[in-house]
Amino acid sequence: MASSDPSAGDWPGVRLHVVTGKGGTGKTTVAAALAIALATGGKRTLLVEVEGRQGIAQLFDVPPLPYEERHVAVAPGGGEVSALAVEPEQALLEYLEIFYHLGRAGRVLERMGAVDFATTIAPGVRDVLLTGKVYEAVRRRGPRSRPGSGGRPAKASKGAAEGPVYDAVVLDAPPTGRIGRFLNVNEEVVGLAKVGPIRNQAGAIMTLMRSAQCVVHLVSVLEDMPVQETADAVEELGGIGLRVGGVVVNMVREPTLTKTQLGAAVKGRLDRSEVLAGLQAAGLGRRSRANGNDTSPAALADALLVEAAEHGVRVAMEADERKQLAALGRPTYELPALPEGIDLGALYDLAERLREQGMA
């Protein structure tokens with residue numbers, strides 16, 4: 001995708017990157033890596049979560065996030081990543097204060113349990129409040145602080161130009177099974193509010209969501225259910241007028257055998273004598289049946305042949321799943337499985353891979 005800004009990657013002009021995926025695909029990790037990637041080179045990004053899991057704090061190894069924006073990382077090139085955990089109860093109190101000036105009264109309602117009651121019985125209103133906070137962050141303008149200032153706006157000099165506070169906002173959204181309902185807030189509130197501030201806010205949110213400034217990225221792994229949910233989400237999002245972004249194939253494992261070896265393994269045609277000779281040359285295996293386990297070279301060779309066949313079947317299945325994702329016609333990015341787990345260093349590595357592939 002061509003862009004006059006070479007740092008924009010495949011998504012020039014996009015200010016809001018929504019990231020969703022089936023549970024267990026690593027969507028929060030991908031969202032965090034994308035936020036770092038987008039901040040690289042002196043940019044500022046805001047990473048937002050709305051599910052109350054404090055997943056962002058765990059990834060960045062910081063204390064649980066309060067209901068305010070906090071600096072969590074410095075991106076390569078002097079960029080800055082801030083994070084926000086949006087809670088529906090706090091968002092409703094803020095909404096009541098802004099539109100109805102119910103500051104102290106709102107706190108009384110909270111103590112009475114009315115706030116929790118309202119956000120529970122009216123899930124459409126809850127989603128408007130959550131997405132409304134994201135909408136405000138995307139739209140917010142002000143003096144730009146210098147990278148590394150902890151997110152505090154710089155004091156504007158007389159006549160200083162203002163601009164968007166954040167170059168991009170990344171939303172770690174609910175899973176694919178709920179993403180359409182979550183983002184389609186206008187339809188969700190139509191039966192609850194015909195007019196008034198909350199209906200107006202829902203309309204403004206949908207205008208942003210359906211604009212060229214917003215894309216919804218989908219995270220999958222090369223397994224049947226996540227791939228099917230990804231395909232279903234692409235269809236659903238397109239049906240409600242939301243722009244589908246890229247597909248991130250996460251936790252990709254490289255084959256440990258060549259294509260020829262994989263084919264032979266699946267057909268049971270790997271040379272057992274070669275496997276056995278290799279084990280013996282490496283000094284692996286001994287002739288023992290202690291504890292009921294046969295660890296002789298012959299037994300290990302048989303076990304390895306079975307494992308190789310299973311590996312060949314898995315690689316073939318993953319190739320089929322990859323073809324199904326490619327058939328969706330969306331830009332595709334791949335991130336590797338990391339056996340040692342995810343820490344801050346791993347997030348930076350994943351962010352760099354996303355940049356190398358053009359996602360940011």
Side-chain angles (χ1 to χ4, degrees), residues 5 7-21 25-51 53-66 68-86 130-131 133-140 144-145 147-151 164-174 208 213-219 245-248 250 331 333 335 338 342-360:
D5 178 5
S7 67
D10 293 340
W11 310 105
V14 173
R15 301 276 320 290
L16 174 57
H17 297 258
V18 181
V19 179
T20 183
T25 60
K27 69 177 179 65
T28 300
T29 298
V30 172
L34 179 59
I36 294 173
L38 290 167
T40 299
K43 303 291 183 64
R44 294 193 64 204
T45 62
L46 176 66
L47 176 60
V48 184
E49 68 176 6
V50 293
E51 296 182 276
R53 296 185 296 107
Q54 288 292 336
I56 294 174
Q58 295 174 39
L59 281 174
F60 286 94
D61 194 23
V62 297
L65 297 172
E68 62 183 46
E69 293 154 27
R70 290 286 177 90
H71 172 81
V72 293
V74 175
E80 189 176 276
V81 180
S82 297
L84 172 67
V86 183
L130 295 175
T131 54
K133 190 66 177 176
V134 177
Y135 168 83
E136 184 275 329
V138 174
R139 299 267 299 175
R140 192 189 315 156
R144 296 294 300 265
S145 61
S149 65
V165 172
Y166 294 105
D167 296 287
V169 175
V170 179
L171 170 59
D172 178 22
L208 170 64
Q213 295 187 62
C214 177
V215 292
V216 184
H217 303 296
L218 297 147
V219 181
V247 174
V248 180
N250 197 23
Y333 315 93
L335 295 176
L338 300 176
I342 301 294
D343 58 14
L344 190 55
L347 283 180
Y348 281 93
D349 290 341
L350 296 176
E352 181 57 27
R353 288 176 181 268
L354 291 177
R355 282 184 57 80
E356 290 173 351
Q357 296 174 71
M359 191 175 186

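Below, each value reflects all heavy atoms present in this structure, side chains not excepted, and no hydrogens, waters or symmetry copies.
Exactly one of T29, V219, N250 qualifies for a side-chain contact (heavy atoms from CB on, under 4.5 Å) with L335. That residue is N250. Considering L38, V138, V14 as possible partners of V169, the one that fulfils the side-chain contact (heavy atoms from CB on, under 4.5 Å) test is V138.
With salt bridges taken as basic N to acidic carboxylate O contacts below 4.0 Å, one links R140 and E69.
Within the model, atoms OG of S82 and CZ of R70 stand 10.5 Å from one another, a figure rounded to the nearest 0.5 Å. Atom OH in Y333 sits 9.0 Å away from atom CG in L354 (nearest 0.5 Å). Of the inter-residue distances, the one linking T131 atom OG1 with L171 atom CG reads 8.5 Å to the nearest 0.5 angstrom. Considering CG of L347 and CD of E352, their distance stands at 13.5 Å, rounded to 0.5 Å. Interatomic distance, CD of Q213 versus CG of L208, reported as 6.0 Å (0.5 Å rounding).
Inter-residue side-chain proximity for P174 and V50 is flagged as met; some heavy-atom pair is nearer than 4.5 Å.
The aromatic rings of H217 and H17 lie parallel to each other, their planes meeting at an angle below 30°, with 60° marking the opposite boundary.
Annotation: side chain to side chain donor-acceptor pair (under 3.5 Å) contacts of E51 (sequence neighbours excluded): K27. Scanning for side chain to side chain donor-acceptor pair (under 3.5 Å) contacts around R53 gives T28, with sequence neighbours left out.
In this structure a side-chain-to-backbone donor-acceptor pair under 3.5 Å is missing from E68 to L84. In terms of modelled atom types and a separation under 3.5 Å, the side chain of Q54 and the main chain of L65 share a donor-acceptor contact. For the pair D167 (side chain) and T45 (backbone), a donor-acceptor distance under 3.5 Å is absent.
Between the side chains of Y166 and E80, no donor N or O sits under 3.5 Å from an acceptor N or O.
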